[in-house]
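Throughout, a chain's letter reflects where its sequence line sits, starting with A, and its residues are numbered from 1.
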Amino acid sequence: MDEQPRLMHSHGVGMAGHPGLAQHMQDGTAGTDGEGRKQDIGDILQQIMTITDQSLDEAQARKHALNCHRMKPALFNVLCEIKEKTVLSIRGAQEEEPPDPQLMRLDNMLLAEGVAGPEKGGGSAAAAAAAAATGGVGADNSAEHSDYRAKLSQIRQIYHTELEKYEQACNEFTTHVMNLLREQSRTRPISPKEIERMVSIIHRKFSSIQMQLKQSTCEAVMILRSRFLDARRKRRNFNKQATEILNEYFYSHLSNPYPSEEAKEELAKKCGITVSLLSSQVSNWFGNKRIRYKKNIGKFQEEANMYAARTAVNATSVSAHGSQANSPSTPNSLFNTNDEEFNGFCDLK
DNA sequence: CCGCATGATTCTGC
DNA sequence: GCAGAATCATGCGG
């Protein structure tokens with residue numbers, strides 16, 4: 001115990017383990033000629049070079065002695081403060097970075113695609129089942145859709161396991177570094193603040209890795225989308241029966257060819273096409289029909305006549321001996337420019 | 001292979 | 001969010 005005051009007084013704590021070194025430094029600063037200073041630096045270097053020659057026990061003993069010194073906490077704090085002012089304050093300025101917009105976009109997209117966020121439908125099997133259930137009509141369509149869902153859930157699974165792995169690795173690494181720094185803080189001036197900063201640096205690094213994962217997941221989803229959903233462009237013409245049903249409705253509602261949601265559903269069911277899978281085929285059909293009919297009424301005249309005649313026949317046969325006045329639109333009334341129904345729609349332009 | 005038909009998508013205005 | 005308009009892309013007959 002009586003050793004410590006002596007260290008303090010004669011050599012200074014910093015050089016406690018190397019009294020000679022401290023002595024030389026003191027001499028060096030006091031001396032006026034450069035020769036002596038060079039000599040001192042040479043000595044210091046020499047001592048640094050031979051530091052590894054010391055036995056570990058010796059080093060441990062010195063470390064212990066240092067740690068037990070009663071002035072140690074105070075000095076530690078002072079050194080931390082100095083370090084803080086000279087080094088850390090410079091880069092401490094650009095903290096509190098705003099949330100990366102790129103990362104936010106990726107997050108949003110993953111969330112929208114159902115890759116991130118809460119599990120929907122629980123697993124691929126359930127997703128496929130749900131797809132099959134909602135598909136109803138158009139077997140190939142729902143099969144395609146469930147395939148898409150299965151692939152998406154695969155991506156989702158990979159994403160989550162990877163993310164978990166990264167998080168685990170990050171935590172492990174953080175703990176490791178923190179322990180290391182805490183351990184080193186016994187011999188080096190490392191403040192808790194500095195450890196905190198190091199942790200945030202590590203987290204930043206790992207989140208940039210996560211961002212890469214998110215990026216590649218997004219890319220995978222985009223590729224999947226283009227392979228499956230955008231294959232909707234791979235047009236299949238409706239069968240003849242479906243077209244007839246749609247045309248029948250169209251020409252018998254020529255005055256107002258805008259089927260209600262219920263009517264659309266009914267038509268979709270009859271035709272075996274979708275009504276609300278991303279976009280309604282019925283709505284597409286009516287949208288296209290309206291615009292094309294209006295653009296070239298002449299071209300559709302024959303078709304219109306035919307369907308009008310057909311509905312007229314149906315109407316008469318249904319209402320047994322009823323007059324044709326009950327028919328929604330007779331062939332004659334359809335193309336009579338004085339007809340209210342006809343004008344009603346055609347005036348829309 | 002060409003050109004038209006047609007289902008789907010995108011853009012725009014309301 | 002819907003309808004209209006333009007456009008894209010494929011299907012299909014000749």
Side-chain angles (χ1 to χ4, degrees), chain A residues 105 108-115 120 131-132 134-149 151-152 218-311 328-329 334-335 337 339-349:
Chain A
R105 249 186 302 141
N108 284 340
M109 182 185 158
L110 290 172
L111 216 57
E113 293 296 333
V115 175
K120 281 188 287 187
T134 51
V137 282
D140 57 342
N141 205 336
S142 75
E144 235 171 60
H145 205 61
S146 75
D147 200 13
Y148 168 77
R149 294 243 218 156
K151 289 251 164 46
L152 189 67
C218 277
E219 274 166 23
V221 171
M222 292 310 278
I223 290 166
L224 190 67
R225 277 184 75 95
S226 65
R227 275 247 307 277
F228 282 86
L229 296 192
D230 291 347
R232 284 170 302 179
R233 272 197 180 277
K234 285 214 175 351
R235 184 170 59 87
R236 284 255 76 114
N237 284 352
F238 298 158
N239 60 36
K240 214 170 170 211
Q241 200 195 347
T243 314
E244 287 200 0
I245 291 166
L246 292 167
N247 270 320
E248 219 163 272
Y249 187 98
F250 180 80
Y251 287 111
S252 63
H253 296 77
L254 204 50
S255 61
N256 187 34
Y258 300 88
S260 62
E261 284 308 308
E262 298 89 68
K264 276 188 210 170
E265 241 169 84
E266 181 73 22
L267 286 167
K269 212 184 286 175
K270 272 200 228 168
C271 302
I273 58 179
T274 65
V275 70
S276 62
L277 189 88
L278 296 159
S279 77
S280 162
Q281 288 185 297
V282 178
S283 299
N284 284 342
W285 190 91
F286 273 90
N288 284 322
K289 190 73 183 179
R290 280 192 298 266
I291 191 77
R292 284 162 187 164
Y293 177 84
K294 204 161 73 178
K295 258 189 187 166
N296 194 350
I297 294 171
K299 201 176 74 184
F300 289 93
Q301 195 144 359
E302 203 180 316
E303 190 180 76
N305 275 328
M306 193 183 81
Y307 282 102
R310 198 179 297 184
T311 50
S329 58
L334 246 183
F335 300 104
T337 42
D339 184 78
E340 282 178 17
E341 287 189 340
F342 179 72
N343 288 333
F345 168 51
C346 291
D347 286 351
L348 282 176
K349 60 180 161 39

Would you mind reading off the distance between [X] atom [atom1] and [N] atom [atom2], rounded to a whole angstrom?
{"X": "A/Ile291", "N": "B/dA8", "atom1": "CD1", "atom2": "P", "value": "17 Å"}
{"X": "A/Lys264", "N": "C/dG1", "atom1": "NZ", "atom2": "P", "value": "13 Å"}
{"X": "A/Tyr258", "N": "C/dC2", "atom1": "OH", "atom2": "P", "value": "14 Å"}
{"X": "A/Arg236", "N": "B/dT9", "atom1": "CZ", "atom2": "P", "value": "15 Å"}
{"X": "A/Phe286", "N": "C/dG4", "atom1": "CZ", "atom2": "P", "value": "12 Å"}
{"X": "A/Asn239", "N": "C/dC12", "atom1": "CG", "atom2": "P", "value": "12 Å"}

* Which residue lies more 5' along DNA chain C, comparing A/Pro259 with A/Lys295 via nearest heavy atoms -> A/Pro259
* To do: With sequence neighbours left out, write down each residue that passes side chain to side chain contact (heavy atoms under 4.5 Å, CB included) with A/Asn239, or none if nothing qualifies.
  => A/Gln241, A/Ala242
* Of all residues at least two apart in sequence or in a different chain, which pass the side chain to side chain contact (heavy atoms under 4.5 Å, CB included) check with A/Glu266? -> A/Lys270
* Asked: Is the shortest heavy-atom distance from the side chain of A/Lys289 to the side chain of A/Leu246 under 4.5 Å?
  -> no
* Note, A/Tyr249 side chain near A/Pro259 side chain (heavy atom, < 4.5 Å) -> yes
* How are the rings of A/Phe286 and A/Phe250 set relative to one another: parallel (under 30°), tilted (30 to 60°) or perpendicular (over 60°)? -> tilted
* Parallel under 30°, tilted from 30 to 60°, perpendicular over 60°: which one fits the rings of A/Tyr251 and A/Tyr293? -> perpendicular
For nucleotides 3-6 of chain B, tabulate all protein N/O to nucleotide N/O atom pairs closer than 3.5 Å, reporting atom names and distance.
unit_1 : atom_1 : unit_2   : atom_2 : d
B/dT6  : O2     : A/Arg235 : NE     : 3.0
B/dT6  : O2     : A/Arg235 : NH1    : 3.4
B/dT6  : O2     : A/Arg235 : NH2    : 3.2

* Structure fact -> For A/Arg290 and A/Pro257 the tightest heavy-atom approach is NH1-O, 2.8 Å
* To do: Tell me whether the OP1 or OP2 atom of C/dG4 has a side-chain N or O from A/Arg290 closer than 4.0 Å.
  => yes
* Has A/Tyr293 got a side-chain N or O lying under 4.0 Å from the OP1 or OP2 atom of C/dA5? -> no
* To do: Would you mind telling me which of B/dA8, C/dA5, C/dA3 lies closest to the side-chain atoms of A/Asn288?
  => B/dA8
* Out of B/dA8, C/dG4, C/dC12, which nucleotide sits closest to the side chain of A/Gln281? -> B/dA8
